[in-house]
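In what follows, a structure is listed as C-alpha cells, so that the remarks can point back to it.
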Amino acid sequence: QVQLVESGGGLVRAGGSLRLSCAASIGTFSTYNMAWFRQAPGKEREFVAVISWSGGSTSYADSVKGRFTISRDNAKNTVYLQMSSLKPEDTAVYHCAVRLGAGISTEMGRYKYWGQGTQVTVSS
C-alpha cells in the first residue's frame with residue numbers, strides 16, 4: 001500500500017521560510033518522479049515543483065521560481081520543498097504526489113498517488 005505523509009507546514013510571517021517533507025512508503029522510491037502541488041481555499045490545485053527520480057531534473061511554477069527548492073533523499077524515501085521569501089499568496093494546503101510514468105510532468109492528472117497535505121499559512 002502506497003502512503004505519502006507530508007509534514008513541516010505551519011504559520012509563518014511574510015518573508016519567512018519553511019521546509020516541507022514528504023515521507024513515502026512505496027517500493028523503489030528512487031525510480032519515481034515526485035512533485036509538490038498546492039491548493040488554496042476556493043481555488044483549483046496547482047503545480048508547484050517537480051523532481052526527477054535521480055534528482056537531476058527539476059521544474060518550478062513561475063510563481064515560486066527562485067524562492068522554492070525541491071530536493072530528495074532516496075536513502076530516506078523523502079522529498080523536500082524548501083520555501084523562502086514566503087508571501088501571503090503562498091497560503092495553501094501543500095500535497096506531494098508520485099508519478100509512475102517516465103519523465104517529469106506539471107500536470108496533476110499524471111500523478112497516481114497523493115498525500116493528505118500539510119497546511120501552510122503566510123501572514124502579512
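- Residues L81 and L18 fall within the same hydrophobic cluster, defined by Ile, Leu, Val, Met, Phe, Trp and Tyr side chains chained together at heavy-atom separations under 4.5 Å.
- Pairing each heavy atom of A49 with each of Y60, the nearest pair is CB-CD2, 3.6 Å.
- Of all heavy-atom pairs spanning P88 and S124, the tightest one is CG-CB, 3.9 Å.
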- For the pair Y80 and D73, evaluate side chain to side chain contact (heavy atoms under 4.5 Å, CB included) and give the outcome as yes or no after the intermediate values. CA-CA 8 Å; Y80 305 97; D73 185 337; 4.0 Å; yes
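- Using modelled atom types, no side-chain atom of T121 and backbone atom of L11 make a donor-acceptor pair closer than 3.5 Å.
- Remark: N74 pairs with R72 by the side chain to side chain donor-acceptor pair (under 3.5 Å) rule, at least two apart or across chains.
- Looking at heavy atoms from C-beta onward, I51 lies out of side-chain contact with I104 at the 4.5 angstrom threshold.
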Hey, can you pull the donor-acceptor pairs under 3.5 Å for the side chains in residues 26-35, sequence neighbours left out?
{"unit_1": "T28", "atom_1": "OG1", "unit_2": "T31", "atom_2": "OG1", "d": "3.4"}
{"unit_1": "T31", "atom_1": "OG1", "unit_2": "T28", "atom_2": "O", "d": "2.8"}
{"unit_1": "N33", "atom_1": "OD1", "unit_2": "W53", "atom_2": "N", "d": "2.8"}
{"unit_1": "N33", "atom_1": "ND2", "unit_2": "G103", "atom_2": "O", "d": "2.9"}

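- Sequence neighbours left out, the pairs with a member in residues 97-110 that pass side chain to side chain donor-acceptor pair (under 3.5 Å) are E107-R110.
- The backbone N or O of S52 sits nowhere less than 3.5 Å from a side-chain atom of S57 that would complete a donor-acceptor pair.
- Listed by chain and residue number, nothing satisfies the side chain to side chain donor-acceptor pair (under 3.5 Å) test with K43 (two or more places apart in sequence, or in another chain).
- Screening residues 115-124 for salt bridge (charged side-chain N to carboxylate O under 4.0 Å, His left out), with sequence neighbours left out, gives no hits.
- Contacts of R67 classified as salt bridge (Lys or Arg N to Asp or Glu O under 4.0 Å), with partners at least two apart in sequence or in another chain: D90.
- Both W36 and V122 are members of a single hydrophobic cluster when ILVMFWY side chains are connected at heavy-atom separations under 4.5 Å.
- Sorted by first and then second residue, the side chain to side chain donor-acceptor pair (under 3.5 Å) pairs involving residues 1-25 (not counting sequence neighbours) form an empty list.
- In this structure the side chain of K112 never reaches within 4.5 angstrom of the side chain of V98, judged on heavy atoms.
- With sequence neighbours excluded, no residue forms a side chain to side chain donor-acceptor pair (under 3.5 Å) with Q116.
- Identified under the disulfide bond (SG atoms under 2.5 Å apart) test for residues 21-118, with sequence neighbours left out: C22-C96.
- A single hydrophobic cluster is seen to contain both L100 and V2, as judged by linkage of ILVMFWY side chains at heavy-atom distances under 4.5 Å, directly or through other members.
- Sorted by first and then second residue, the salt bridge (charged side-chain N to carboxylate O under 4.0 Å, His left out) pairs with a member in residues 48-66 read D62-K65; sequence neighbours excluded.
- Listed by first then second residue, pairs satisfying ring-ring contact (aromatic ring centres under 6.0 Å, His included) with a partner in residues 91-124 read F37-Y111, F37-W114, not counting sequence neighbours.
- Of the listed residues (V48, V120, V79), just one forms a side chain to side chain contact (heavy atoms under 4.5 Å, CB included) with L20, and that residue is V120.
- In terms of the side chain to side chain donor-acceptor pair (under 3.5 Å) criterion, residue partners of E46 (sequence neighbours excluded) are, by chain and number, R38.
- Placement of F47 and L86 in two distinct hydrophobic clusters is found when ILVMFWY residues are connected by side-chain heavy-atom separations under 4.5 Å, directly or transitively.
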